[in-house]
Amino acid sequence: MPKKKKPVKSEPKELPPLNKSKNVVLRFAPGPSGPLHLGHTRALALNNYYKKRYNGKLILRLEDTNPNAIDSDAYEMIQDDLKWLGIEADKVIIQSERIDTYYEDIRKIISEGGAYVTKSDAEEWRVLKRQKKAHPDRDRNPEIQIKEFESLLKDENGIVVIKTNLEDPNPALRDFVAFRIVDSPHPLQKSKYRLWPLYNFAVAIDDYRLGITHVLRGKDHLNNTEKQKWIYKYMGWDEPEFIHYGLVSIPKTNLKTSKIRQSISEGEYSGWDDCRIATIRALARRGYSSETFSKYWEASGVKEVDIKFSWQNFDAMNKDLIDAKSKRLFFVSEPKEFTFKTGETITKEAPWHPDNKDLGNRVEIIKSGSKIYLPGADLGKIQDYSEIRLKNLCNVKINGNTLEFTDFEHKKGIPIFQWCSASKNIKLYYPDGVVNSGLVEDNIDDLDNTVVQFERTGFVRLEGDKAFFLHR
RNA sequence: GCUCCCGUGGUGUAGUCCGGCCCAUCAUCUCGGCCUUUCGAGCCGAAUACCCGGGUUCAAAUCCCGGCGGGAGCACCA
């Protein structure tokens, strides 16, 4: 066998290729229980990566087969989140609109002896399974099973079970439930159906019927894949390519949709975009670039290793993307008021960005008698009559509550201060819940809803009289 | 308990399939220096990794065996 060439180092890294014989069709399939969060973005980014690489298609499939776990706003929110991430689904599929297809396919499997109906007690059925024993209902003939199935559609209670190998040493893989009764109304279908498919059944049917060629998902689905293969077998279908990447643990981040929802309803969080949580919309509000998500996950690869998400690395990537185009502003926390004294009016002319001169300057006229605010914390170290430099303006001597102009000369070693002349108050919200307030330069009106850097503090996104901390 | 997956610096990753080009890649973080109208950025430098033990081989991160460690599943959730 010929040896594979080592990749040339200067080439950008690529994810491993897909085995492909036809046009690539991928899918992203969340349950509509809330908006998307950071945890969803790996599946999304990876599937989208291969879609672009092979010029394929990406299907967004909303898995709403559990009427009790649906937030009707989520259908919309998920699509908005996708849009924000810059990902376009070629098709949007809603599973609850496909129930009749599932019924048709399960009838086929039942009539060929691949599934059975039982109305017995749940625990009784599970105990037998654990002991590798068949439930008495399992071996009834298909005609009876079908009749039983139709009765579930009407008013009886029971489940439909896919037969697998009861002898399977892995208890997770023995007979699994394909349908169960849920009487609560569905947000979209209302009371049209009472017999609802479960995850593994609906997924297998849809992946095939929607023409999915590659199922790219987390390792937590390894057993599900084995279950779904039984459906393919009973239907006589070719399997798609299954690829499982390792699990991600995201430290110090609350991603539980149900918990977040509770905190929102209790008023602790302001909404799904509260800057303390890691929903897409909250991260967007803090000013992350959508590109960072795809970059980060593409760099993490598709290996089956479990990985830890690193905010540090993520933030570093984001900074790379936004640094050159983010304007700089002075931010003065714990402001102390001073009166400026000078013989003549002087002008502040500070670059919007120290390196990117294309961004131009911010200009401000300072007169004698103007109020100047200095950061309280830094002042603590300074004595009366010390000479300091007001950054991008001039040198002054502190005399009680006044700042007396001395000269413009750049002097080595004297402390440099950020300062503000305006009393434009802004509240700075940190993701850990800390709220800081301070003054910011007055000329931020045009900067509303953009990401800027508060010098020395870090990058923030401005929103009215609020600023959301992004990262350093 | 049963079953499956995975172990490369602090973190993420390349290399593992097909042994040699690997005294191991790149990024981030950390630490020092230079530069700078404080920060950041930039430039230069430093430090840190093949889970352990055996085996095969001229040669092992890579192949084999055994241990250890981590994760997941065993739902009428998705």
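- Across A:Q145 and A:A115, no two heavy atoms sit closer than the pair CG-O, 4.4 Å.
- Among B:A78, B:C76, B:U28, the nucleotide with an atom closest to any side-chain atom of A:N200 is B:A78.
- For the pair A:R362 and A:E349, the salt-bridge criterion is not met [side-chain N within less than 4.0 Å of a carboxylate O].
- For A:H410, taking side-chain heavy atoms from C-beta onward, the closest of the listed nucleotides B:U28, B:G73, B:U37 is B:U37.
- No donor-acceptor contact under 3.5 angstrom links the side chains of A:Q453 and A:S326, judged on distance only.
- If you check B:C6, B:C39, B:U8 against the side chain of A:R472, the one that comes closest is B:C39.
- Here the side chain of A:I307 is nearest to one of B:C39, B:U28, B:G12, namely B:G12.
- Here B:G40 is the nucleotide among B:C5, B:G40, B:U11 with the atom lying nearest to any side-chain atom of A:H353.
- In the set B:U16, B:C74, B:U37, B:C74 carries the atom at the smallest distance from any side-chain atom of A:A172.
- Contact check, A:R180 against B:A78: a side-chain N or O comes under 4.0 Å of OP1 or OP2.
- For B:G40, the base has a donor-acceptor partner in the side chain of A:D355 [N/O atoms by modelled type, under 3.5 angstrom].
- In this structure, the nucleotide among B:G10, B:C39, B:G70 sitting nearest to the side chain of A:K219 is B:G70.
- The phosphate of B:A41 has OP1 or OP2 within less than 4.0 Å of a side-chain N or O from A:K319.
- Note on A:H221: a base of the nucleic acid sits closer than 4.0 angstrom, heavy atoms only.
- The side chain of A:V305 approaches B:U8 more closely than any other nucleotide in the set B:C39, B:U8, B:U3.
- Side-chain nitrogen and oxygen atoms of A:R126 include at least one within less than 4.0 Å of the OP1 or OP2 phosphate oxygen of B:C76.
- Residue A:T457 places no side-chain N or O under 4.0 Å from the OP1 or OP2 atom of B:C39.
- Summarising the local packing, NZ of A:K229 is surrounded by more than 12 heavy atoms from other residues, nucleotides or ligands at distances under 6.0 Å.
- Using a 4.0 Å cut-off between charged side-chain N and carboxylate O, A:R174 and A:E167 make no salt bridge.
- Here the nucleotide nearest the side chain of A:I159, chosen from B:U28, B:C76, B:A78, is B:C76.
- Within the nucleic acid shown, A:N68 has no heavy atom closer than 4.0 Å to any nucleic acid atom.
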Item checked: Secondary-structure notation, RNA chain B, from Watson-Crick and G-U pairs under 3.5 angstrom (| other strand) -> (((((((..(((.......[.....))).(((((.......)))))....(((((..]....))))))))))))....
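- Ion pair A:E239/A:K233 not flagged as a salt bridge, since none of the NZ, NE, NH1 or NH2 atoms sits closer than 4.0 Å to an Asp/Glu carboxylate oxygen.
- B:U11 and B:C50: their P atoms are spaced 13 Å apart (whole Å).
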Ignoring hydrogens and angles, write down the donor-acceptor pairs under 3.5 Å from the side chains of residues 301-309 of chain A, residues two or more places apart or on other chains.
unit_1	atom_1	unit_2	atom_2	d
A:D306	OD1	A:K219	NZ	3.0
A:D306	OD1	A:L247	N	3.0

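- Contact annotation for A:T225: no contact, since no heavy-atom pair falls under 4.0 Å across all strands.
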